[in-house]
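Okay, structure first, notes after.
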Amino acid sequence: MQAGGLGHLAVQYAVAMGFETVAIARGADKAEFAEQLGAHHYVDSTAGTSVADALRSLGGAKVVLATAANSGAITATVEGLAQRGELVVIGAAPEPLEISPMQLLMTGRVVRGHPSGTSQDVEDTMAFRALHGIRPIVETVPLGQADEAYQKMLSGAARFRMVLTGRPGCAGQISVRVGGRLVRLAA
């Protein structure tokens, strides 16, 4: 699991479910954070060892939950899957995955995408989150700075989740300019 916006939540969920969890991210500086989230292992995708080799050295991954919106990062995990291992893609990337049929056929590996889920899935997820104390890491920004928050998110500089905050007791309709568009929000 990548330890970014979706990944930091995925690591917490996998640990709470009792899985031996491997967090994958860019840079050695994220290893301590992955450990704080509960990951049992950390793979630095920028290190000299490939992600696939690192996963194989741990016995191969039974499941890779690909949360990164980067097809190259997702593809780099395929050879690290164990026999009959499964790659579940939830990170949306515009470019295609470069996976050879031979990478799947000879080992029985499976690649699948997973949509965000039904309302029942969301309800179950929220109940599990509450039961296990799983919390997202958020960066709060005043509503008046919505455009700056949006630009930060688009540039990749946002740290996990950007949350817009308003004044307590604020009611009515608010208009903010986000990405050059006027957006009306009910407050």
Listed by chain and number, what are the side chain to side chain contact (heavy atoms under 4.5 Å, CB included) partners of Q120, not counting sequence neighbours? T118, E123, D124
Can you confirm whether L87 sits close enough to I74 that some side-chain heavy atom of one is under 4.5 Å from a side-chain heavy atom of the other? yes
Going by the rule ring pair (Phe, Tyr, Trp, His ring centres under 6.0 Å), which residues pair with H41 if we only count those two or more places apart in sequence or in a different chain? none
Results of side chain to side chain donor-acceptor pair (under 3.5 Å) for E139 - residues two or more places apart only: K152
Could you note down all residue pairs passing salt bridge (Lys or Arg N to Asp or Glu O under 4.0 Å) where residues 61-75 supplies at least one of them, sequence neighbours left out? none
Residues in side chain to side chain donor-acceptor pair (under 3.5 Å) with Q103, at least two apart? E79
Does M17, at its CE atom, have more than 12 non-hydrogen atoms belonging to other residues, nucleotides or ligands within less than 6.0 Å? yes
E32: what forms a side chain to side chain contact (heavy atoms under 4.5 Å, CB included) with it, not counting sequence neighbours? Q36
Contacts of type salt bridge (Lys or Arg N to Asp or Glu O under 4.0 Å), residue R135, not counting sequence neighbours: none
What residues form a side chain to side chain donor-acceptor pair (under 3.5 Å) with N70, not counting sequence neighbours? none
With clusters defined by side-chain heavy atoms of hydrophobic residues (ILVMFWY) lying less than 4.5 Å apart, directly or transitively, does I90 cluster with V122? no
Does L55 reach the side chain of V64, with side-chain heavy atoms less than 4.5 Å apart? yes
Provide the closest heavy-atom pair for I134 versus A16 in the form atom of the first, atom of the second, distance. CD1-CB, 4.1 Å
Just to verify, what does T49 make a side chain to side chain donor-acceptor pair (under 3.5 Å) with, not counting sequence neighbours? none
Among all residues two or more places apart in sequence or in another chain, which pass the salt bridge (Lys or Arg N to Asp or Glu O under 4.0 Å) test with D53? R56
Check A149 against M162 and note the closest heavy-atom contact, atom names and distance. CB-CE, 3.5 Å
Got a sec, which pairs hit ring pair (Phe, Tyr, Trp, His ring centres under 6.0 Å) with one end in residues 119-145, sequence neighbours left out? Y13-F128, F128-H132
Please identify each residue that fulfils salt bridge (Lys or Arg N to Asp or Glu O under 4.0 Å) with E86, with sequence neighbours left out. R112
List the atom of G59, the atom of A82, and the distance in Å for their closest heavy-atom pair. O-CB, 4.2 Å
For a side-chain contact (heavy atoms from CB on, under 4.5 Å) with T77, tell me which candidate from I24, L65, V43 qualifies. I24
Whether over 12 other heavy atoms sit under 6.0 Å from E35 CD: no
Specify the closest pair of heavy atoms between T67 and A10, including all atoms of both residues, with the distance to one decimal. CG2-CB, 4.2 Å
